[in-house]
Trainee: 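I'd like to ask you about the structure that follows.
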There are 2 protein chains.
Amino acid sequence: MTPLDALDARLLLVLIDEPRATVLALSQRLGVARNTVQARLARLEQRGALTSLERCVDPAALGYPLTAHITAAVTQRRLAEVADALAEIPEVIEVHGISGNLDLLIRVVARDAEDLYRVAGIILATPGIERTSTALVMRNLVTHRLRPLLDRANQPGQPR
Amino acid sequence: MTPLDALDARLLLVLIDEPRATVLALSQRLGVARNTVQARLARLEQRGALTSLERCVDPAALGYPLTAHITAAVTQRRLAEVADALAEIPEVIEVHGISGNLDLLIRVVARDAEDLYRVAGIILATPGIERTSTALVMRNLVTHRLRPLLDRANQPGQPR
DNA sequence: TGGATCTTGCGCACTTTGCTCAAGCCGTAC
DNA sequence: GTACGGCTTGAGCAAAGTGCGCAAGATCCA
């Protein structure tokens, strides 16, 4: 799979700025033909550069203003089982298997402190989960962003 | 701010399923008038339920297939300064201030192991950062999802 | 009973889309 | 040199969708 080129990166940047922009508007903004933008968009989509819109939904708007990261150790051989169990919990929005011995990083959201406590309890009670450690997100210092990387993909110089 | 109602949730669900769907198609899918969908969409956007498209871009497609979570302790009173410094690093895509004494959770992406090592080095060298601990994401057990919560927002019963 | 809010169906001008086609550009391989 | 594939471009056209306004119900609440 060919990596993104500069035009792809520019396209994404403009798209991020104006998500509602029409293909026509994008092409004018980028200074390329409409057909080109259409082809690029199709290619981006087909190669999966744009994942589900699900990521854009703000949990806070759904009534879940609290986010927490729970790290957990799981007993050997039960990883798949645990992963399935976690997937059943709606408040669990992301689970990563991380380096370290069978460790999980679980991201959860909650309605309030009490709700979080409840969810954490469910997770800890899950068979196969050993210990957990909960870290509540107090503040967003840098909100999820990829713009700097996209900007860099535009620049001709410094490949690193 | 009024929370999302069932129709909003259904709208989001359909939208997630077919991001490219036109307003007309959405209205038919939901069984409501086109004007209603248009109004709802405008309201959702205006209330910020849909955040930047930036979150949908897959770092892997940009050439950064590796993700890692770095937890760091910062020295007192230098939190703002550290946050600014981290924001300058393109590979840093998210920073959370978490509970625990001045702890940060930093999410970074990298081109490869060596690149990650470099980035981790930069972060550790940042003035104000005390200790760091890097956890490489080996596997995605549950990819970011909000569907279960949206589904629940549809259901009449069980408020919890 | 009255008002605020939301939904609905309708209409219309205008824009955008989806698709096709031929032509041009460019780097690579032969 | 020359042929090839891949990408871009401009043009065109029918069909579809958008943006917007408006008046007529629905609810809901006080």
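What you are looking at is a predicted structure, and each value in this text was computed from that prediction instead of being measured. Order of the sequence lines sets the chain letters (A, B, ...), proteins ahead of strands, with each chain counted from 1.
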Trainee: When you check every protein heavy atom under 4.0 Å of nucleotides 6-17 of chain C, what one-letter string (B, S, -) results, 5' to 3'?
Mentor: SSBBBB----SB
Trainee: Are B:L102 and B:L124 linked, directly or through intermediate hydrophobic residues, by side-chain heavy-atom contacts shorter than 4.5 Å (ILVMFWY only)?
Mentor: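 Yes: a chain of side-chain contacts under 4.5 Å links B:L124 to B:L102.
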Trainee: So which heavy atom on A:S52 is nearest to which on B:C56, and how close?
Mentor: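 Taking A:S52 first and B:C56 second, the nearest heavy atoms are O-SG, 3.3 Å.
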Trainee: Check whether any side-chain heavy atom of B:L12 sits under 4.5 Å from a side-chain heavy atom of B:L50, and report yes or no.
Mentor: yes
Trainee: How close do B:L116 and B:A68 get, counting heavy atoms only, and between which atoms?
Mentor: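 Shortest heavy-atom separation between B:L116 and B:A68 comes out as CD1-CB, 3.8 Å.
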Trainee: B:R20 CZ to D:dT18 P: how many Å, rounded?
Mentor: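 Taking atom P of D:dT18 as the reference, CZ of B:R20 is at 13 Å.
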Trainee: Answer yes when A:D17 and A:R147 have at least one side-chain N-carboxylate O distance shorter than 4.0 Å, and no when they do not.
Mentor: yes
Trainee: Is it the case that one hydrophobic cluster holds both A:L136 and A:L105, taking links as side-chain heavy atoms less than 4.5 Å apart, direct or via other members?
Mentor: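 No, separate clusters.
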Trainee: I'd like to know if the side chain of B:R29 and the backbone of B:L24 have a donor-acceptor N/O pair within less than 3.5 Å.
Mentor: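 Judged by distance alone, no pair lies under 3.5 Å.
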Trainee: Nearest 0.5 angstrom please: B:H69 NE2 to B:R107 CZ, how far?
Mentor: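 Interatomic distance, B:H69 NE2 to B:R107 CZ, rounded to 0.5 Å: 4.5 Å.
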Trainee: Considering the terminal five base pairs at each end of the helix from C:dT1-D:dA30 to C:dC30-D:dG1, what angle separates the two local helix axes, rounded to 10°?
Mentor: 40°
